[in-house]
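Read through the structure below, which is laid out as structure tokens, and then see the notes.
This structure is a prediction, so every number in the text was calculated from the model and none was measured. Proteins get letters first, then strands, A, B, ... in listed order; numbering begins at 1 in each. For the numbers below, each heavy atom of this structure counts, side chains included, while hydrogens, waters and symmetry mates do not.
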2 protein chains.
Amino acid sequence: MPKYQKQFRILVAVDCIIFGFDGAELKILLVKRDLEPEKGKWSLMGGFITERENFDRGGARILKQLTGLEGVYMEQLHAFGHPDRDPSERTISVAYFALIDIHKFENQINSNYHAEWFPVKKIPKLIFDHSNMVAKARERLRYKSAFHPILFELLPEKFTLPQLQSLYEGIFDTEFDKRNFSRKIHSTKLLVKQKDKDKESSKKGAYYYKLDKRRYAANLHAFLNIIPNPVIFNRL
Amino acid sequence: MPKYQKQFRILVAVDCIIFGFDGAELKILLVKRDLEPEKGKWSLMGGFITERENFDRGGARILKQLTGLEGVYMEQLHAFGHPDRDPSERTISVAYFALIDIHKFENQINSNYHAEWFPVKKIPKLIFDHSNMVAKARERLRYKSAFHPILFELLPEKFTLPQLQSLYEGIFDTEFDKRNFSRKIHSTKLLVKQKDKDKESSKKGAYYYKLDKRRYAANLHAFLNIIPNPVIFNRL
DNA sequence: TAAATAAATGTAATTACAACACTTATTATA
DNA sequence: TATAATAAGTGTTGTAATTACATTTATTTA
């Protein structure tokens, strides 16, 4: 088999923008970089692609290294290739974003990495072009979640409508009418009402819901219409 | 500056899915590959990234090499990285899709490449994973054009409503009611009616329109709603 | 001058959406 | 034990958007 002799070869990395939701705020999981250059600075979790690995697998491996989680919602975001993005040697990076249930992570955290959750509105200075990656991931999350039911991935198995609404409101940085919101959510028929209530955050308590997994799996690519029109228009 | 000594480096290519519309069908521009392996087979236009080039520039360079065109609508599609996608040596490819006015290309074609337009519904067998790339690009084009006014990029400066409609109909593989279509298009206020008509395709002749370039530039990211609801639901 | 062809155009019924306020369940406290 | 405080839950109405649908018009050719 012939070889491409004269071309030059480049380091290829995968970086992960890991989103979580703690009930109040959308957050991103960052690590303190453990190799030079920029050692000790805040960074996305990432790593070089290995010889027999495609991007999806690389992303999944890197996510698992840090969080211990598998089978997580992940999606390729964008390939970043500015020639000077890594000052020590040209490296391209294929960025992925992941949506995880923040509570699952807490049990499985890999303490080899110094990892910390940061609210998306208070992200520290990041190495290289990682801030661009985060900005692009937030944009994509808004765009995608405006049309597709993916935000459930950020919630625990049982969640309440007020929790769900506050997640949407956080991502779109606005407030929705709860009657309209509830009607729209129910019209998707994706939720199954439970018998028990969450009494943590109110005296009356809010009913828990679970995803109807069958319908959910069949509707991941379906179109929702949760976001009121003027909002969609201004924010996407 | 420290180096990442132990990692392995990979060839990085950019491939372009170049869409054109001849008035009747959506087409893709393919070339006969001029190097081994797979020399002489049909392929997307592509090339290796050079040392001081980012992906956007690489894509633009490759598009210009073949078509002579600059300032064309281009968008990063996806990074493809299966370890065996190129049998001779591991190569990753960042795919871009471009929308060009097929008539502009005809004047500027670079005859160093044996290039040919193929209807998207009759694409020949392609090298490597290029068929996947084409499939993904078609999907993205449907998705994006369902919400954003990008299909104008495929049309000449002056075009008629029937032409525009047939473009939409081709991409969504369905037929629209022309009264509703016309109303929706006009409601965007993106078109300026010309005084002359296209008499080629009918006796009565259809009025030409041009884009209102100002409004168009301001609305590239705006949301349209051209595609009737049941269609969107079934096709995206 | 009649026939053929495709363009252009308007209306009415239906549906989707947004705006809006009160009642209910529960707990804590007076 | 009655009352106040808190957040959850729920329905209706007006408006805007969307769809379905048929006839007239301009032009060319036979």
[X] [atom1] to [N] [atom2], straight-line distance once rounded to whole Å:
X: Q165(A); N: dA7(D); atom1: CD; atom2: P; result: 14 Å
X: D198(A); N: dA25(C); atom1: CG; atom2: C1'; result: 14 Å
X: Y208(B); N: dA7(C); atom1: OH; atom2: P; result: 13 Å
X: Y207(A); N: dT24(C); atom1: OH; atom2: C1'; result: 11 Å
X: N225(A); N: dT18(D); atom1: CG; atom2: C1'; result: 13 Å
X: I226(B); N: dT18(D); atom1: CD1; atom2: C1'; result: 13 Å
X: L161(B); N: dA8(C); atom1: CG; atom2: P; result: 6 Å
X: E200(B); N: dA6(C); atom1: CD; atom2: P; result: 14 Å

Item checked: Distance-only polar pair, side chains of Y208(B) and E157(B), donor-acceptor under 3.5 Å -> no
Notebook entry, point to check: Would you say the side chains of R57(A) and N54(A) form a donor-acceptor pair under 3.5 Å?
Noted result: no
Note to self: Can you pull out every salt bridge (Lys or Arg N to Asp or Glu O under 4.0 Å) where at least one residue sits in residues 192-206 of chain A? Sequence neighbours excluded, please.
What the structure shows: K158(A)-D196(A)
Next item on the list: Run the numbers on Y209(A) and H186(A) for ring pair (Phe, Tyr, Trp, His ring centres under 6.0 Å), then give the verdict.
Entry: CA-CA 11 Å; Y209(A) 287 83; H186(A) 284 125; 5.6 Å; yes
Next item on the list: Could you please spell out the steps behind the ring pair (Phe, Tyr, Trp, His ring centres under 6.0 Å) verdict for H78(A) and F80(A)?
Entry: CA-CA 6 Å; H78(A) 195 77; F80(A) 292 79; 5.0 Å; yes
Next item on the list: Name the nucleic acid region contacted by T160(A), choosing base, sugar-phosphate or nothing; use a 4.0 angstrom heavy-atom cut-off, strictly under.
Entry: nothing
Notebook entry, point to check: With sequence neighbours left out, what residues match K64(B) under side chain to side chain contact (heavy atoms under 4.5 Å, CB included)?
Noted result: E70(B)
Item checked: Base-contact (B) and sugar-phosphate-only (S) positions in nucleotides 21-30 of chain D, heavy-atom cut-off under 4.0 Å, - elsewhere -> BB--BBBB--
